[in-house]
Amino acid sequence: MDLRLAGQGALVTGSSSGIGATIAETLAGEGCDILVHGRDAAAAAAVAERVALHGVRAEVVLGDLMEPGVAEQIAVTGRDFGARILVNNAGPFTEHDWDSARPADWRAAFEGNVLPTVRVTQTLLPSLRSHGWGRVITIGSRAVRTPLPHMATYSAAKAAVVNMTTSLARHLAGTGVTANCVSPGVIITPSLQRMLEQRGEHGQSGDSRHPVDPADADLDGGPREAALVAEYAPNPTGRLGRPQDIAAAVAYLASPLADYVNGIELRVDGGITGTS
């Protein structure tokens, strides 16, 4: 299916690795020019090289979105790049329960997941409005609907992201700019592997003896994946998610085919929400 995205420009925050990198490459495969964002110059350049293989324009912008003024600068770079699609993917994951979380942890969760999204979006919105068409896509989490006790701060911050996305959609009524959120379930990424290893080291659920390597054939419906699903993410689909699952949803919402989809939270979680 042609998503009619050829020639559009997209800024994907946090796209130097993981889900963000896959989103950038997927949009490039649909013909989008991509502004890759990250903090690591080498990693961002590597993603930009892969993006460029699709025959589109690929550039890099670097910066820590939590530093004063950086989010706004990155948004301005996106505007000058010609971005009509903004994917707010950047946002740190942390684990804190109600006993261990301190006020500083709650603050850090919101400063990492909410405020950069607000700042980048607010700065880029005038450009999107002036062109009469645009897409703002935020990345939430399955933890929004089924908050886990060991993810108290993260779950609350992501819930705020979903809430403000719906608010933004209503704010943009009649402008031609839509706002939607994609909430991933448990996705196979390097950050998931690190989290499982850390949890294993601390005697929590998760087992570092079962490394999560997306290139491992045993994760393609094999016993290692089945064990991880049963232990960590039981869901009706019976597997863990892949970055491509999230990228496909983002690509659709970014496309003109989704003109009538606005203000939603699209859960891409294998059905885990409401069943676990």
Side-chain angles (χ1 to χ4, degrees), residues 1 3-5 8-15 19-20 23-24 26-27 30 32 34-35 37 65 71-72 74-76 78-79 81-91 109-147 154-185 245-269 273-274:
M1 178 182 292
L3 294 182
R4 294 188 285 179
L5 281 168
Q8 293 290 353
L11 164 60
V12 184
T13 67
S15 52
I19 292 173
I23 291 172
T26 299
L27 290 174
E30 294 294 332
C32 284
I34 303 295
L35 181 59
H37 162 258
L65 292 173
E72 291 84 356
I74 288 168
V76 169
R79 179 200 66 193
F81 180 80
R84 305 286 176 264
I85 299 164
L86 169 61
V87 183
N88 286 303
N89 170 73
F110 278 78
E111 288 180 347
N113 287 282
V114 177
L115 296 184
T117 294
V118 171
R119 289 168 177 149
V120 174
T121 302
Q122 282 185 326
T123 305
L124 193 57
L125 276 184
S127 175
L128 301 184
R129 279 201 193 97
S130 70
H131 286 85
W133 189 92
R135 297 286 186 262
V136 178
I137 300 169
T138 57
I139 303 299
S141 168
R142 56 81 41 128
V144 167
R145 301 291 173 178
T146 53
Y154 178 78
S155 300
K158 284 300 189 181
V161 169
V162 174
N163 184 281
M164 71 188 192
T165 302
T166 303
S167 170
L168 179 62
R170 296 190 175 196
H171 174 70
L172 293 171
T175 66
V177 183
T178 64
N180 292 291
C181 182
V182 175
S183 285
D245 295 319
I246 308 306
V250 169
Y252 167 67
L253 292 175
S255 77
L257 302 183
D259 274 342
Y260 199 55
V261 182
N262 202 4
I264 71 162
E265 180 203 3
L266 176 58
R267 298 191 297 275
V268 185
D269 62 4
T273 302

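A quick note: this is a predicted structure, and the numbers were derived from the prediction, not measured. All heavy atoms count here, side chains included; hydrogens, waters and symmetry mates do not.
- With hydrogens and angles disregarded, a donor-acceptor distance shorter than 3.5 Å links the side chain of Asn180 to the backbone of Val261.
- A distance of 8.5 Å separates CD1 in Ile139 from CG in Asn88, rounded to the nearest 0.5 Å.
- Judged by distance alone, with hydrogens and angles left aside, the side-chain atoms of Ser127 form no donor-acceptor pair with the main-chain N or O of Leu124 at under 3.5 Å.
- Of all non-hydrogen atoms in Val162 and Cys181, the two that sit nearest each other are CG2-SG, 3.7 Å.
- Ion pairing of Glu265 with Arg145 is present here, as a side-chain N (NZ or NE/NH1/NH2) and a carboxylate O approach within less than 4.0 Å.
- At least one donor-acceptor pair under 3.5 Å links the side chain of Thr13 to the backbone N or O of Asn89.
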Under 3.5 Å, which donor-acceptor pairs link side chains of residues 248-259 to any protein atom two or more places apart or in another chain?
from, atom 1, to, atom 2, distance (Å)
Ser255, OG, Tyr252, O, 2.7
Ser255, OG, Leu257, N, 3.2
Asp259, OD1, Arg135, NH2, 2.4

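- Ser155 places no side-chain N or O within 3.5 Å of a backbone atom of Pro147 that could act as its donor or acceptor partner.
- One finds the CD1 atom of Ile74 at 7.5 Å from the CG atom of Leu11 (value rounded to the nearest 0.5 Å).
- For the pair Thr26 and Ala247, the tightest heavy-atom approach, listed with the atom from each and the gap, is OG1-CB, 3.3 Å.
- Here the OG1 atom belonging to Thr178 is positioned 13.5 Å from the OH atom belonging to Tyr260, to the nearest 0.5 angstrom.
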Inset, instruction - Please test Leu125 against Val136 for side chain to side chain contact (heavy atoms under 4.5 Å, CB included), starting from the C-alpha separation and ending with a verdict. - result: CA-CA 9 Å; Leu125 276 184; Val136 178; 4.3 Å; yes
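- When the options Val182, Asp269, Val268 are evaluated for a side chain to side chain contact (heavy atoms under 4.5 Å, CB included) with Asp245, the one that passes is Val268.
- Formation of a donor-acceptor pair under 3.5 Å by the His37 side chain with backbone atoms of Gly14 is found in this model.
- Atom CD in Glu72 sits 12.5 Å away from atom CZ in Arg79 (nearest 0.5 Å).
- Note: Leu35 CG to Ile85 CD1 = 12.5 Å, rounded to the nearest 0.5 Å.
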Side-chain donor-acceptor distances from residues 168-175 under 3.5 Å, at least two apart:
from, atom 1, to, atom 2, distance (Å)
His171, NE2, Arg129, NH2, 2.8
Thr175, OG1, Leu172, O, 2.6
Thr175, OG1, Val177, N, 3.1

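- Nearest heavy-atom pair, Ser15 versus Ala24, reported as atom, atom and distance to 0.1 Å: CB-CB, 4.3 Å.
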Legend entry - side chain to side chain contact (heavy atoms under 4.5 Å, CB included) between Thr123 and Val76, intermediate numbers included: CA-CA 7 Å; Thr123 305; Val76 169; 3.9 Å; yes
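- When every heavy atom of Thr117 is checked against every heavy atom of Met164, the shortest pair comes out as CG2-CE, 3.3 Å.
- Proximity of Ile137 to Leu86: side-chain heavy atoms (C-beta onward) are nowhere separated by under 4.5 Å.
- Between the side chain of Thr146 and the backbone N or O of Arg142, at least one donor-acceptor pair lies under 3.5 Å.
- Taking each heavy atom of Tyr154 and Ser141 in turn, the nearest pair found is CE2-OG, 3.7 Å.
- Here the CD1-CD distance, from Ile34 to Gln8, works out to 10.5 Å after rounding to the nearest 0.5 Å.
- Counting all heavy atoms, side chain and backbone alike, Asn113 lies closest to Ala157 at CB-CB, 4.0 Å.
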